[in-house]
Amino acid sequence: MNISALLSKIDEFAWGPWLLVIMVGTGIYLTVRTKFLQFDKFGYAMKNTLGKITSKQKAGIGEITPFQAVTTALAGTVGVGSVAGATGAIAIGGPGAVFWMWVSALFGMVTKYFEVTLAVRFRERNEKGEWAGGPMYYIKNGLGKKWNFLAVFFCIFGGLACIGTGGMTQINSIATSVNTFIDSLSNGFTKAHTISFMGQKAPIVSIIIGASIAVLVALILLGGVKRIGSVTEKLVPFMAVVYVAACIAVVVGNANIIGEVFRWIFVCAFKPKSVMGGAVGSTMMIAMSKGIGRGVFSNEAGLGSAPMAHATTSEKNPVKQGLFGIFEVFMATFVICTLTALVVLSGIYRLYGKGVHFNWGKNAGTELVSRAFGTVIGDRLGSAVVAVGIALFALSTILGWALYGSRCWGFLFGKKAETAFYVVFVAGIFFGSFLKLDVVWTVSDIFNAFMALPNLIAVLALSPVVIKLTKDHFSPSSSGSIAVQSHKKAG
């Protein structure tokens, strides 16, 4: 067995049913303990998150506004996984995977609420006076020193995953989508114009893209967390509006078959063979595992990544910031992923005669999304929409995960190590634009699974803290202000 095959086996085990059961099980347990908070307080959560996005917000030294915190977290969450991830789940698990993606998100909302609340509750100031938080800090400050090995475990795998998941694979997606779009206009321009680099032929366009974005990201990272927040608060809403508008245009254009698409989703969630026949993936368990797995990949509930961004907020009330966790999962899965799924499934219906001739067992990605868009707005415009969408999503993800990685390295090696991480991260962006990254994708996927475990253990162990904070916040006598213990500076 070669290295690639071995890593694939490890990845298959790491994201196997046992981890998905733990993730969904955690969400179900926390849902029951909070008396179905994400459903009971959904309106309140939307009013106090989405409803206050346009309000004026101020942040002090070493802080970013609550909205900047959520856009930074969304930058890391609503990435390529929301487009290619949803498409891959459908291609492998069938239309029913979308249903199980929704199920995982319903419970993932409360899991992320707990993560974000804990991040603000147990954060501390670092050497530069910036707020630092996340799983490693709520393990350290919430569970105590004897559990510090879990914090180290999380940071090791989180720091390494950031370079692959957040940097190299994202820039590779940008380069690939842009090359595809250019080739659709010029009949193979990028394939004809290559140079030999590091033992392989690399498209000149990819190298230019990698170098340009590496420089751009470096300039943004030099400005620290406040500049990251400033960029993401402008980039994330813009990219969401553009992509959502394009998806709605396709859904409206295919309105006459959307009813059939929803029938596919619900029927295939339990009886895939009724639509997919004997195709690979035509079992309920595969639809369930792919839907839940890709759902977690798209909204990151349970991974422990987004809390590191939320910890930098100027918001003092952990519960108020925690509500953004509910909003994030809703936005990533129920809006972006669902619209992507409707576009893809309606495209399959149009292109492949109700799906009968579609190769469901093939792991399709952005190319299938482009073709689906093309059924309504034309192939070239469809390719352009996907290229722009992927570029914006991936760039925002790069910025979000750059912050996560720096926090992990800073916790392990001190604040000065964050600069070293940025150097490695930016170099990874350049090389990731043209290298073959099959192994990087797989290894990063494994690291993501391993960083989720210590986070989920901490969330469950500290759940009584969040439950008490939640009760205090929503009690009739509460003024909506919760006193939060301050922790000593990091380092």
Side-chain angles (χ1 to χ4, degrees), residues 15-17 19-28 31 38-39 42 74 76-113 240 243-244 247 251 258 261-272 275-276 281-303 305-306 325-348 355 360 363-366 368-369 372 393 397 445 448-449 452:
W15 282 101
L19 179 60
L20 301 181
V21 167
I22 292 174
M23 283 189 156
V24 177
T26 297
I28 293 174
T31 295
Q38 71 271 45
F39 308 120
F42 182 78
L74 273 173
T77 301
V78 184
V80 176
S82 298
V83 181
T87 308
I90 291 170
I92 302 172
V98 178
F99 173 84
W100 295 110
M101 193 179 289
W102 291 337
V103 171
S104 71
L106 286 175
F107 298 108
M109 286 194 288
V110 76
T111 301
K112 205 161 194 180
Y113 165 79
Y243 186 74
V244 167
C247 287
V251 171
I258 293 300
V261 167
F262 275 104
R263 188 188 74 83
W264 269 9
I265 291 172
F266 289 107
V267 170
C268 289
F270 303 97
K271 296 180 180 179
V275 171
M276 300 170 65
S282 57
T283 68
M284 177 179 166
M285 284 304 299
I286 291 180
M288 185 185 298
S289 64
K290 292 303 176 185
I292 294 174
R294 296 298 178 118
V296 170
F297 184 62
S298 71
N299 59 50
E300 295 180 21
L303 287 186
S305 50
I326 295 175
F327 167 71
E328 274 176 28
V329 176
F330 174 78
M331 184 68 184
T333 301
F334 289 105
V335 177
I336 303 295
C337 282
T338 298
L339 284 173
T340 300
L342 294 179
V343 168
V344 169
L345 288 173
S346 62
I348 290 174
W360 295 97
N363 188 359
T366 55
L368 179 57
V369 184
F393 284 149
T397 299
D445 217 25
N448 279 336

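Computation of the quantities below employed the complete heavy-atom set of this structure, encompassing side-chain atoms and omitting hydrogens, waters and symmetry-equivalent molecules. All of these numbers come straight from a predicted model, not from anything done at the bench.
Taken from CG in Asn299 to SG in Cys337, the straight-line distance is 7.5 Å, to the nearest 0.5 Å. Annotation: the span from Met23 atom CE to Trp15 atom CH2 amounts to 4.5 Å, rounded to 0.5 Å. Between atom CD1 of residue Ile90 and atom CD1 of residue Ile348 there is a gap of 6.5 Å, rounded to the nearest 0.5 Å. In this structure, OG1 on Thr333 lies 9.0 Å from CE on Met109, to the nearest 0.5 angstrom.
Counting all heavy atoms, side chain and backbone alike, Ser346 lies closest to Ile258 at CB-CD1, 4.3 Å. Shown here for Gly27 and Thr111, the closest heavy-atom pair between the two residues is CA-OG1, 3.3 Å. Nearest approach of Ala306 to Lys112, heavy atoms of both residues: CB-CE, 3.4 Å. The two atoms that bring Phe107 and Gln38 nearest to each other are CA-NE2, 3.9 Å, heavy atoms only. Smallest separation of non-hydrogen atoms from Val329 and Ala105: CG1-O, 3.5 Å.
Side-chain atoms of Phe262 and Leu345, non-hydrogen and from C-beta on, never get closer than 4.5 Å to each other.
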Let me check something: any side-chain donor-acceptor pairs from residues 92-102 under 3.5 Å, sequence neighbours excluded? List them with distances.
unit_1 : atom_1 : unit_2 : atom_2 : d
Trp100 : NE1    : Ala269 : O      : 3.1
Trp102 : NE1    : Thr338 : OG1    : 2.8

(request) Begin from the C-alpha positions of Val335 and Val244 and carry the test side-chain contact (heavy atoms from CB on, under 4.5 Å) through to its verdict. (result) CA-CA 8 Å; Val335 177; Val244 167; 4.1 Å; yes
(request) With side-chain contact (heavy atoms from CB on, under 4.5 Å) as the test, would you mind laying out the steps for Leu339 and Tyr243 before giving the verdict? (result) CA-CA 9 Å; Leu339 284 173; Tyr243 186 74; 5.5 Å; no
